[in-house]
Every structure is written in structure tokens, then in C-alpha cells.
Participant: 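Input: one structure, supplied below.
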Amino acid sequence: MNDRRRRFEQLVLPHLDAAHNLACWLCRSTVDAEDVVQEAMLRAFRAFDGFRGGEAKPWLLAIVRNCHYTAMGQKNKHRSVPLPADDDAGPVTEERDPEAATVDADTARRLHIAIAALPEEFRETLVLREMEEMSYREIAEITGAPIGTVMSRLARARALLRERWLEKETVQ
């Protein structure tokens, strides 16, 4: 195996799950996300000689984001939101009874729907920060937005999410 390929596999492949997660949230479709990730990985491999070191995760996620906007554009902005699988709450164990597992699954589903309903720039920022645990600087690097904008989008995303969550709580 050549050195370039080995370095790519060591530095970039560990972030494949993060790339897929971001693509799913951006595309709102698992099938489209798989296409975007495949294209992003090909682009990343082709451009790997230009990778200047540092953290590979923000570099890869920026490529995923760019592939999404190139491939999907704004045409899929209003696609339906896929629901998480029923087993997302985790296995039922001796400590977790079936009722708790059901409540957890319902909560996860409601949260998924609320996040998916956020405007794209807020959803993207929230996913990168809360799910992918990226720093403000890394999010700014990925999105091409100033750090202040990243912080503002994150605050607005959290506020909208909280508002929508509380709205649903009072309805039920």
C-alpha cells in the first residue's frame, strides 16, 4: 500500500461516521447522504496532497458540506424528514425497562424532528457543535462563516430548538 493511501486511511477514515452524520442532517435523506459522502471521500482522496496537516475532521466535513451544496443545491431544502429507527433508544436491559426505552425512543424521535425543522444554517451549526463536538473555530473553518456568526447561529439554533420543544411540551 502506498504511503499516501496509508496516511489518508489513518487521518481521514476515522471521521467517516462524522461525515455521514453531517450529510444526513444536511440532506435529510440517508440515500442522498450516502451519495454525498461517497463523492466527498473521492474528492478528499484526490485533494489529499493539498491537505496541509492539522485536523482532518474539519477539512473532511468542509468537503462534505461543499459536496452537499454542489450536488443537492437548494432544491432539496424542503424534503421530508426521515424518522429515527425505533431502536435508537438503545437496548432494554435489567436497569432499563420497556417503558423507559419507549419514552427514550419517543423523546429521541421528537428531538430529531425538532432539529430537522430548524433552518439549514442553524441545523448545520448545531449538528457540528453538539453532535460532532467541533469548536467554534472548526465550525467557522467548515462553514466559511466568521466565528461571531457561528456563535450567533448556535445561540439562535438553541433558542429555536428550545422554543419548539417547549411548544410541543405544552401541546401534549
Side-chain angles (χ1 to χ4, degrees), residues 3-79 81-82 84 88 90 107-108 110-165:
D3 186 51
R4 179 177 182 253
R5 182 175 166 194
R6 185 182 50 73
R7 283 187 58 241
F8 181 83
E9 288 175 356
Q10 288 175 336
L11 294 174
V12 178
L13 284 186
H15 307 296
L16 188 58
D17 287 342
H20 187 261
N21 186 46
L22 177 61
C24 283
W25 281 105
L26 290 176
C27 297
R28 299 190 209 187
S29 161
T30 304
V31 173
D32 291 341
E34 289 169 358
D35 291 342
V36 166
V37 170
Q38 182 176 10
E39 178 63 25
M41 293 305 286
L42 286 171
R43 286 186 189 183
F45 187 71
R46 287 185 201 127
F48 192 62
D49 289 336
F51 178 62
R52 310 233 187 285
E55 293 294 321
K57 186 175 180 180
W59 179 75
L60 177 61
L61 295 183
I63 294 171
V64 168
R65 182 179 185 270
N66 291 337
C67 285
H68 162 70
Y69 287 117
T70 299
M72 303 300 164
Q74 294 299 315
K75 70 181 180 180
N76 289 333
K77 200 169 191 169
H78 301 290
R79 290 187 70 123
V81 179
D88 282 354
T107 301
R110 289 180 48 230
L111 183 59
H112 182 97
I113 291 168
I115 292 170
L118 293 173
E120 190 164 314
E121 65 272 8
F122 299 149
R123 183 176 67 247
E124 170 183 67
T125 304
L126 185 74
V127 167
L128 288 170
R129 178 70 180 159
E130 302 301 341
M131 295 178 191
E132 297 306 328
E133 300 177 348
M134 306 301 292
S135 70
Y136 294 135
R137 179 170 308 166
E138 290 169 326
I139 296 169
E141 184 181 320
I142 291 166
T143 63
I147 289 179
T149 301
V150 168
M151 294 168 73
S152 173
R153 286 179 181 171
L154 184 58
R156 291 185 66 194
R158 288 172 174 161
L160 280 171
L161 188 59
R162 185 178 318 110
E163 180 182 304
R164 289 183 179 160
W165 188 264

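Since the model is a prediction, treat every value here as computed from it, not as a measurement. Throughout, numbering of the chain's residues begins at 1 and tracks the sequence. Atoms considered below: every heavy atom in the structure, side chains included; atoms not considered: hydrogens, waters and symmetry mates.
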Participant: Are side-chain heavy atoms of Leu160 and Pro119 found at a separation under 4.5 Å?
Facilitator: yes
Participant: Find the distance between NE2 (His68) and CD (Glu124) and round it off to the nearest 0.5 Å.
Facilitator: 8.0 Å
Participant: Which residues satisfy the side chain to side chain donor-acceptor pair (under 3.5 Å) test with Glu39, sequence neighbours excluded?
Facilitator: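 Testing Glu39 for side chain to side chain donor-acceptor pair (under 3.5 Å), a comparison that skips the adjacent residues, returns Arg43.
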Participant: Mind checking whether Leu126 and Trp25 have side chains closer than 4.5 Å, heavy atoms only?
Facilitator: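 They are not in side-chain contact.
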Participant: What pair of heavy atoms forms the shortest contact from Glu9 to Pro14, and how long is it?
Facilitator: O-CD, 3.4 Å
Participant: Measure the CD-CD1 distance between Glu138 and Ile147 for me, rounded to the nearest 0.5 Å.
Facilitator: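 If we round to the nearest 0.5 Å, Glu138:CD and Ile147:CD1 are 10.5 Å apart.
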Participant: A side-chain contact here means heavy atoms from C-beta on lying under 4.5 Å apart; do Leu118 and Arg164 qualify?
Facilitator: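 They are in side-chain contact.
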Participant: Which heavy atom of Thr30 sits nearest to which heavy atom of Cys24, and what is that distance?
Facilitator: CA-SG, 4.4 Å
Participant: To check you understand the geometry: which heavy-atom pair defines the closest contact between Ala140 and Ala145, and what is its length?
Facilitator: CB-O, 3.1 Å
Participant: First locate atom OH of Tyr136, then atom OG1 of Thr125, and finally report the distance between them rounded to the nearest 0.5 Å.
Facilitator: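 Separation between the atoms: 10.5 Å.
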Participant: If you take all heavy atoms of Ala40 and Ile63, which pair is closest and at what distance?
Facilitator: O-CG2, 3.6 Å
Participant: Has the side chain of Asn21 got a donor or acceptor atom that lies under 3.5 Å from a matching backbone atom of Asp17?
Facilitator: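 Not confirmed, Asn21 side chain does not pair with Asp17 backbone.
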Participant: Within a 6.0 Å radius of atom CZ on Arg156, are there more than 12 heavy atoms belonging to other residues, nucleotides or ligands?
Facilitator: no
Participant: Between the main-chain N or O of Glu132 and the side-chain N or O of Lys57, is there a donor-acceptor pair closer than 3.5 Å?
Facilitator: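 Yes, because the side chain of Lys57 sits within donor-acceptor range (under 3.5 Å) of the backbone of Glu132.
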Participant: For residues Met41 and Leu60, determine if any side-chain heavy atom of one lies less than 4.5 Å from a side-chain heavy atom of the other.
Facilitator: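 Heavy-atom side-chain distance check passes, below 4.5 Å.
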Participant: From Glu130 CD over to Ile115 CD1, what is the distance, rounded to the nearest 0.5 angstrom?
Facilitator: 9.0 Å
Participant: Should the heavy atoms of other residues, nucleotides or ligands under 6.0 Å from CD of Gln38 be counted, would the total exceed 12?
Facilitator: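 No, because the 6.0 Å sphere around CD of Gln38 holds 12 heavy atoms or fewer from other groups.
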Participant: Sequence neighbours left out, what passes side chain to side chain donor-acceptor pair (under 3.5 Å) with Thr107? Give chain and number order.
Facilitator: none
Participant: One thing to verify: whether Arg123 and Glu120 come together as a salt bridge, which I'm taking to mean a side-chain N less than 4.0 angstrom from a carboxylate O.
Facilitator: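 So Glu120 pairs with Arg123 through a salt bridge.
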Participant: Would you mind reporting whether Leu128 and Ile142 have side-chain heavy atoms less than 4.5 Å apart?
Facilitator: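 In contact.
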Participant: To the nearest 0.5 Å, how far apart are CZ in Arg5 and CZ in Phe45?
Facilitator: 7.0 Å
Participant: Between Arg129 and Ser135, what is the shortest heavy-atom contact and its length?
Facilitator: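 For Arg129 and Ser135, the tightest heavy-atom pair comes out as NH1-CA, 3.7 Å.
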Participant: With sequence neighbours excluded, tell me which residues meet salt bridge (charged side-chain N to carboxylate O under 4.0 Å, His left out) with Arg7.
Facilitator: none
Participant: Count the heavy atoms belonging to other residues, nucleotides or ligands that lie under 6.0 Å from CZ of Arg137, then report whether that count exceeds 12.
Facilitator: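 Atom CZ in Arg137 is not crowded, with 12 or fewer foreign heavy atoms closer than 6.0 Å.
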Participant: Any non-hydrogen side-chain atom of Arg4 less than 4.5 Å from a side-chain atom of Asp49?
Facilitator: yes
Participant: Decide yes or no for Leu11 and Phe48: does some side-chain heavy atom of the first lie under 4.5 Å from some side-chain heavy atom of the second?
Facilitator: yes
Participant: How many angstroms lie between atom CG of Leu161 and atom CG of Leu111, to the nearest 0.5 angstrom?
Facilitator: 6.0 Å
Participant: Kindly give the heavy-atom pair with the smallest separation between Glu141 and Trp59, and that separation in Å.
Facilitator: OE2-N, 4.4 Å
